S.K.: 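First the structure, then my questions, so here it is.
Since the model is a prediction, treat every value here as computed from it, not as a measurement. Computed over heavy atoms, backbone and side chain alike; hydrogens, waters and symmetry mates excluded. Naming convention: chains lettered A, B, ... in sequence-line order (proteins, then strands); numbering from 1 in each chain.
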Amino acid sequence: MDFKRRNGGPAMGGTSQAKKGKMNTEWEDSPSQFEEELALFDEMEMEAESGEGQAGDLFSADLNPRWKRPHAPPLQPNSDTLIFQQIDLDYYLGSAVAGMPGQVQGKVPIVRMFGVTDSGNSVCCHIHGFAPYFYVPAPNGFTSAHLAEFQRELNSAVLKDMRSNKDNIAVTVLAVDITRKESMYNYHGNKPHDFLRITMAMPRLIAPAKRLLEQGFKFANFATQSYQAYEANIDFEIRFMVDSDVVGCCWIELPKGKYRLREERSEGQTDSKYPGKVDVAWNDLVSHPAEGEWQRIAPLRVLSFDIECAGRKGVFPEPEIDPVIQIASMVQRQGEKEPFIRTVFTLQSCASIVGSQILCFTQEKQLLQSWAEFVRTVDPDIITGYNIQNFDLPYLLNRAATLKVNLFPYLGRVWGSKSVLKDSSFQSKQMGRRENKTVNMEGRVQFDLLQVLLRDYKLRSYTLNAVSFHFLQEQKEDVQHSIITDLQNGNEQTRRRLAVYCLKDAYLPLRLLQKLMCVINYMEMARVTGVPLTYLLSRGQQIKVVSQLLRQAMKQDLVMPVVRTEGGEDYTGATVIEPEKGYYSVPITTLDFSSLYPSIMMAHNLCYTTLLQKNQVEKLCLSPEDFIKTPTGDLFVKSSVRKGLLPEILENLLSARKRAKAELKKETDPFKKQVLDGRQLALKISANSVYGFTGAQVGKLPCLEISQSVTGFGRQMIEQTKQLVESTYTIANGYQADAKVIYGDTDSVMVKLGVATVQEAMNLGKQAADWVSSHFIPPIKLEFEKVYYPYLLINKKRYAGLYFSSNAEHHDKMDCKGIETVRRDNCPLVANLINTCLQNILIDRDPDGAVAHAKEVISDLLCNRIDISQLVITKELTRTAQEYAGKQAHVELAERCTHSTTWSSSCPNLYCASLNPYWARAKLRVCC
DNA sequence: AGAAATTCCTAT
DNA sequence: TCAGATAGGAATTTCT
């Protein structure tokens with residue numbers, strides 16, 4: 001139930017003043033730490049080729065031997081098996097290749113898979129013969145004799161429906177077959193029915209065919225009727241992967257004799273870049289499950305880059321006007337410690353930097369052109385950087401277009417495919433409206449670190465500087481945006497200063513990627529859920545569940561309906577037990593249901609396939625032992641009648657997680673450990689998102705009966721837990737005191753067991769957890785999790801305490817939930833004040849000290865000892881400040897304030913809005 | 001002036 | 001064509 005890693009926490013102490021000062025040194029000073037680090041990288045032959053970068057020579061193996069991929073061994077399709085790790089796939093419409101299965105006439109969809117071999121050579125595999133399809137239920141009385149007529153009618157209806165037929169499509173419906181399937185929605189007696197499987201010539205023909213069939217379709221002497229479509233809303237790539245048992249980032253084997261080498265496309269490109277441009281039939285490729293040796297990761301090339309522009313004073317750079325003056329690039333092989341290419345392309349001369357290569361250009365056009373060629377030569381599998389998706393890449397493309405560098409925008413791996421900029425926007429309840437830019441680069445995974453962090457981490461600030469400090473305790477080279485243009489217009493030394501800055505901005509994303517193990521974790525997520533790596537950053541949560549659902553359903557010949565999406569009413573969620581607010585100077589035991597919602601779904605077999613409509617009970621002659629009634633009154637058949645798909649998926653995920661954790665314990669190789677840890681994390685997140693999928697009312701397959709029942713069971717369980725604990729652990733039953741549940745939220749209860757020590761609270765807690773667990777159906781399990789001692793319960797979802805989990809002698813941390821110290825909408829002064837007060841109360845057990853400290857800070861504030869020049873006065877602050885300090889103090893306060901700026905998380909030194917002395921005082925009174 | 005609605009961000 | 005959920009505290013603004 002934790003959807004995002006939290007990394008908030010107060011920005012402690014007077015962080016930056018002192019450190020900031022140090023960074024403001026002049027550029028002539030001694031080399032920065034980063035420069036020393038750069039210099040320590042291995043001695044390379046790549047030293048300064050300063051002077052004019054001449055495109056033709058630059059890319060030769062003699063001059064830059066590291067740029068190209070390693071030379072590929074010759075490949076003999078008849079005797080060599082080709083094995084590679086697939087990292088991305090897409091499809092295109094092309095002409096059929098002779099000898100391959102599928103349609104021969106016209107344009108056919110061809111799946112294109114990109115990957116890397118163990119030796120680091122790239123592969124582009126064209127996969128033939130797979131066509132898109134969907135299902136509709138066969139109408140009553142339909143037999144195989146009607147197939148041809150149905151196909152003919154639908155084909156002509158789709159043709160007629162087309163506004164234009166640019167591609168000259170002659171046949172739209174390739175085939176119609178009868179197959180035995182069953183809808184996955186509702187239990188209807190395990191009886192398969194006849195379904196029509198309709199195969200279309202192209203993915204984009206599915207939508208019109210589905211629409212025409214839904215609107216009412218007539219053929220032969222069957223009456224006009226509406227056909228409910230099944231699986232007509234599945235992305236073609238996912239369809240292909242599910243059907244061919246391919247998961248994201250898995251290893252693919254093309255057996256010898258089963259594939260063909262593709263002729264190189266002239267251009268003198270017959271180098272080692274694409275040793276494996278191959279064609280294969282879709283049913284000839286072998287996909288290896290990510291187990292054993294197939295868990296490994298190929299030596300992927302990761303390129304990180306950063307650009308600098310010479311903007312005008314006070315204006316955000318515009319690509320139509322402001323030039324690109326530097327591009328720094330670093331390339332690293334996945335799994336290695338440091339980048340093996342470190343390069344800056346600069347406009348005008350630039351003094352050398354030890355440990356990196358500087359290429360100078362006099363013409364911006366040439367700089368851009370050469371960098372694009374550099375990308376094509378290095379041929380990275382993954383492209384990263386900070387905000388490259390919405391800034392650097394769009395800027396480069398627009399700048400190249402302005403300067404008419406016509407060969408620039410070909411950055412992908414597909415020869416002749418132009419990279420174009422697109423604006424896209426999507427909205428969701430969670431994120432609101434969000435505008436995004438996208439650039440297509442076939443075969444390369446764009447892994448913008450900013451996007452990764454926005455998705456996976458809750459942070460106070462997302463600037464590269466703040467993020468680097470947070471995760472690496474390291475900061476950017478300090479160069480103000482406003483002086484970039486001046487540095488560029490200076491001399492080769494000032495441009496060198498800029499280049500160091502630029503290099504660091506390319507280097508930091510690599511370091512962060514490594515530290516956070518992004519590539520490994522995302523790959524494991526792709527493998528676990530079965531979707532391509534790129535989907536994980538470009539799409540939402542739902543597609544991952546859909547992919548798993550389809551895979552599981554296929555095994556049982558179940559098909560997924562297309563439901564029209566309509567936002568319904570809100571449904572009831574979890575219970576939060578009314579807190580007994582107060583300060584507890586005794587140990588408080590916390591018991592948690594582990595994986596509550598997944599375990600409820602498994603215990604009660606809740607699924608689309610087990611949902612029973614009331615009128616079906618009699619129809620299917622079910623006895624009361626065959627089904628259950630959930631707290632919301634919905635009926636589900638038991639697993640003895642039919643095992644649900646969702647419980648099955650969850651069991652697989654959770655047992656795989658157990659295995660991964662067990663292996664993790666045994667494993668000694670740190671790299672394999674990382675992979676396993678990434679896997680167990682992915683498995684946990686995936687299990688938790690299944691419930692959300694059923695409750696997503698604007699989704700692919702919402703089922704409120706399931707999600708309502710899940711939360712209903714949850715509410716029942718937490719009440720029952722409270723009741724069980726309070727009725728069992730009593731003086732009457734021989735315990736030291738009557739236990740009292742003082743708080744609980746969703747899946748946890750906080751219990752005052754009336755024992756004196758943390759150790760006793762742990763022991764009795766474990767016992768209580770087992771006792772309660774025995775009252776529930778497996779795998780539902782209540783677990784002892786921690787003891788708080790002391791504990792301050794302020795309100796629902798707001799509390800703090802010293803956290804003991806394993807060692808009863810020492811607390812692990814001070815745990816704060818929902819309080820200002822963990823919220824990002826308060827200024828650091830408030831967070832620090834509250835944090836210190838809590839420490840006073842919980843650690844020093846000195847509430848008077850807390851009050852004294854608060855008074856001191858407030859007095860500092862009122863007496864002008866704290867810079868609040870950026871403070872915003874709100875009505876509330878006016879009122880409370882008056883109450884607290886009297887009118888005169890407030891007037892003085894107001895005089896020192898401006899009305900224009902709000903507190904900005906990017907400026908931790910500004911003490912601004914929501915500093916509310918009255919609030920702090922009142923809260924402390926309540927607490928103490 | 002006080003109630004209701006809105007905004008933000010968190011807990012689970 | 002795309003988007004995981006509800007509960008809930010606190011500050012602030014808007015409505016009556």
S.K.: Nearest-nucleotide wise, let me know which of A:Gly699 and A:Lys797 is further upstream toward the 5' end of DNA chain C.
M.R.: A:Gly699

S.K.: Can you list everything that forms a side-chain hydrogen bond (donor to acceptor under 3.5 Å, both in side chains) with A:Lys817? Sequence neighbours excluded, please.
M.R.: none

S.K.: Quickly work out the A:Gln542 CD to C:dC2 P distance and round it to whole Å.
M.R.: 11 Å

S.K.: Mind checking side-chain hydrogen bond (donor to acceptor under 3.5 Å, both in side chains) for A:Ser547 and listing every partner two or more places apart, or none if nothing turns up?
M.R.: A:Arg551

S.K.: Check the distance between C:dT1's P and A:Ile234's CD1 and give it to me in whole angstrom.
M.R.: 13 Å

S.K.: How is A:Lys796 classified with respect to the nucleic acid when contacts are heavy atoms under 4.0 Å: base, sugar-phosphate, or nothing?
M.R.: sugar-phosphate

S.K.: Hey, does the side chain of A:Asn233 come within less than 4.0 Å of C:dT1's phosphate (OP1/OP2), counting only N and O?
M.R.: no

S.K.: Taking side-chain hydrogen bond (donor to acceptor under 3.5 Å, both in side chains) as the test, write out the residues that go with A:Tyr91, two or more places apart.
M.R.: none

S.K.: Under 4.0 Å, counting only non-hydrogen atoms across every strand here, what does A:Tyr743 touch: a base, just sugar-phosphate, or nothing?
M.R.: nothing

S.K.: Please enumerate all residues that pass side-chain hydrogen bond (donor to acceptor under 3.5 Å, both in side chains) together with A:Lys797, with sequence neighbours excluded.
M.R.: A:Asp745

S.K.: Report the distance from atom OH of A:Tyr535 to atom C1' of C:dT1, rounded to the nearest whole Å.
M.R.: 13 Å

S.K.: Any side-chain N or O of A:Arg798 less than 4.0 Å from the OP1 or OP2 oxygen of C:dA10?
M.R.: yes

S.K.: Are any of A:Tyr597's side-chain N or O atoms less than 4.0 Å away from OP1 or OP2 of C:dT6?
M.R.: no

S.K.: Roughly, in whole Å, what's the span from CD in A:Gln541 to P in C:dA3?
M.R.: 10 Å

S.K.: Consider only side-chain N and O atoms of A:Asn688 and A:Tyr597, and report whether a donor and an acceptor are under 3.5 Å apart.
M.R.: no

S.K.: Would you classify A:Thr572 as touching base, sugar-phosphate or nothing, given that sugar-phosphate means primed atoms plus P, OP1 and OP2, and contacts are heavy atoms under 4.0 Å?
M.R.: sugar-phosphate

S.K.: Considering only residues two or more places apart or on different chains, which pairs with a residue in residues 700-725 of chain A satisfy salt bridge (charged side-chain N to carboxylate O under 4.0 Å, His left out)?
M.R.: A:Lys722-A:Glu726

S.K.: Is the distance from OP1 or OP2 of B:dT12 to the nearest side-chain N or O of A:Lys817 less than 4.0 Å?
M.R.: yes

S.K.: Listing time: all N or O pairs from protein to nucleotides 6-9 of chain B that are below 3.5 Å?
M.R.:
{"from": "B:dC8", "atom 1": "O2", "to": "A:Arg823", "atom 2": "NH2", "distance (Å)": "3.4"}
{"from": "B:dC9", "atom 1": "O4'", "to": "A:Arg823", "atom 2": "NH2", "distance (Å)": "3.1"}

S.K.: Measure the distance from CD1 on A:Ile819 to P on B:dA11 and round it to the nearest whole Å.
M.R.: 9 Å

S.K.: Of the options C:dA7, C:dC2, B:dT12, whose atoms approach the side-chain atoms of A:Val576 most closely?
M.R.: C:dA7

S.K.: Given atom CZ of A:Arg715 and atom P of B:dT12, what is their separation to the nearest angstrom?
M.R.: 18 Å

S.K.: Let me spell it out: for each of A:Lys700 and A:Asn795, pick the nucleotide of DNA chain C with the closest heavy atom. Which residue's pick is nearer the 5' end?
M.R.: A:Lys700

S.K.: Is the A:His604 ring parallel, tilted or perpendicular to the A:Phe713 ring (thresholds 30°, 60°)?
M.R.: parallel

S.K.: Rounding to an integer number of Å, can you tell me how far A:Ile718 CD1 sits from C:dA7 P?
M.R.: 14 Å

S.K.: C:dA3 P sits how many Å from A:Gln697 CD, rounded?
M.R.: 16 Å

S.K.: Donor-acceptor check, side chain of A:Asp448 to backbone of A:Leu450, threshold 3.5 angstrom: yes or no?
M.R.: yes

